[in-house]
Amino acid sequence: METRAPYVLIGTFVLAAILAVFGFVYWLNNTGGIGPRTNYHVQFQGPVPGLLVGAGVLFNGIRVGEVTELGLAPDNPRFVNATISVAAATPVRADTKVGLDFQGLTGVPVVTLEGGMIVARSGAKSDAKSDAKSGEPLTLIAEAGAGRSMTQAARDALRKVDTVLEDNSGPLKDTIANLKTFSDGLARNTGKIDGILAGLEKMTGGGAPAQKVTYDLRTPKNLGPAGKTLSASLAIPEPTAVAMLQTQRMLFSPVGDNPGFADFLWADSIPKLVQARLIDSFENYDIAHAPLRTTDLGQADYQLLIDIRRFRIATDGEAKVEIGLSARIVDKNGKVIASRLVETSENLDKVEPAASVAAFDAAFARIAKELIGWTVQAV
């Protein structure tokens, strides 16, 4: 049996497709972005490198149309005529500024429209068609040099610089010759200039800064036999201290000017110096079970927490060295196992760096011995 083709169904489908295409074109023309258009003539008073038919037209940076025609002006070969088609709602005025801009890395040219007079009168026309002759598009004149690219502008600037150099070649040669004469004179009198500068430095107190002298805190060695050792791992973090103690300078009480210590420096900041020498003292007592820094040991069974309260030279009354520490032993859960306040002082016959450091060594030796004995009994 011969199959009958559904001609009616096929015809209906084709008719519907044609209507859909026409409907899409109608929508695109009226509501899809094309809409009513207005044409304007644009005259460029110079070259427009790279401008092509189809290039964009921007009004205040917003794309409103494209270039539809390009050609040379028949009455002036230096001018270029263009026709642009923009959305009818674009507020183009007779005094709207026209230019050429180059966008992106490739420098694609676009026509730019900017500004124009503001119509404040109610009911006045807001487009430029009222300024044109009936039936003829308005002509907009681009600014002179609107088509110059950055490359062309750079070439023009270099050409001007070259002209200036060429016009002043004689004075420039004389100036260079004078500079050479001056530099030769300086070279011949270098010794005299050095002497003058040295004299000025002496007069003004300048010159190389004084060399700083670094002093270290001595670790006590004679701590007695290790009768009792640490039975668990112990860590000694960096001691805490007020900001005034975070220094390498010698501290005095009361605070005053001590010229003999102007170049004095401890080997490290006071908290770090106390931590290092305290660990060294434990090692001298029993190196096999000596504590380490928290960063080296990790999670220890106990920690010896030190807070530095005093580390200074007291000059009110009899001069003496003062060291004061508060110590706490805490377990890994943060529970305080034992706490103690350790203070000592050492008299000074003369307040000067060497004698002061020796007094600090003696005072620290007593504190280290006391802390070691107390710690091994508690841990």
Side-chain angles (χ1 to χ4, degrees), residues 22 24-121 123-163:
F22 277 105
F24 175 75
V25 172
Y26 177 82
W27 171 83
L28 184 64
N29 186 65
N30 289 277
T31 62
I34 297 177
R37 292 299 181 102
T38 303
N39 293 332
Y40 299 96
H41 287 323
V42 178
Q43 189 173 77
F44 292 95
Q45 304 177 44
V48 286
L51 186 63
L52 302 172
V53 173
V57 177
L58 308 182
F59 190 93
N60 290 346
I62 301 174
R63 180 163 181 146
V64 294
E66 58 279 331
V67 177
T68 58
E69 291 183 18
L70 273 176
L72 298 174
D75 53 342
N76 193 330
R78 295 185 179 182
F79 290 0
V80 175
N81 291 335
T83 301
I84 60 173
S85 176
V86 301
T90 306
V92 179
R93 306 285 191 269
D95 61 341
T96 296
K97 294 182 179 180
V98 183
L100 203 63
D101 194 11
F102 299 87
Q103 297 186 328
L105 296 175
T106 58
V108 177
V110 293
V111 177
T112 59
L113 304 176
E114 294 181 6
M117 61 181 178
I118 300 175
V119 180
R121 196 167 57 250
K125 293 184 179 181
S126 60
D127 55 36
K129 287 192 258 185
S130 60
D131 298 327
K133 296 180 181 180
S134 177
E136 295 182 4
L138 180 70
T139 298
L140 304 175
I141 306 299
E143 297 179 347
R148 286 201 313 167
S149 63
M150 294 297 294
T151 303
Q152 185 61 39
R155 288 175 180 171
D156 293 343
L158 289 174
R159 190 177 296 110
K160 291 180 181 179
V161 171
D162 184 63
T163 302

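Scope of the values below: all heavy atoms of this structure, side chains included, with no hydrogens, waters or symmetry mates.
With values rounded to the nearest 0.5 angstrom, Leu51 atom CG is found 5.0 Å from Leu70 atom CG. Here the straight-line distance linking atom CZ of Arg37 with atom OG1 of Thr68 works out to 10.0 Å at 0.5 Å rounding. Rounding to the nearest 0.5 Å places CG of Asn60 at 6.5 Å from CD of Glu114. With values rounded to the nearest 0.5 angstrom, Asn39 atom CG is found 8.5 Å from Ile84 atom CD1. Remark: Asp75 CG to Asn81 CG distance equals 7.5 Å, nearest 0.5 Å.
Taking all atoms of both residues into account, the shortest heavy-atom contact from Leu52 to Val67 is O-CB, 3.9 Å. Nearest heavy atom pair, residue Pro109 against residue Ala55, reads O-CB, 3.8 Å. In this structure, Pro91 and Phe59 approach most closely via the heavy-atom pair O-CZ, 3.6 Å. Listed here is the closest heavy atom pair of Phe44 and Ala82: CE1-CB, 4.2 Å. For Arg93 against Leu140, the heavy-atom pair with the smallest separation is O-CD2, 3.6 Å. Of all the heavy atoms in Thr83 and His41, the pair that sits closest is OG1-ND1, 3.3 Å.
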Practice problem: Under the side-chain contact (heavy atoms from CB on, under 4.5 Å) rule, what do Thr38 and Val92 come out as? Steps first, then yes or no, please. | Solution: CA-CA 10 Å; Thr38 303; Val92 179; over 6 Å; no
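Considering only heavy atoms from C-beta on, Tyr40 stays 4.5 Å or farther from Val98 through its side chain.
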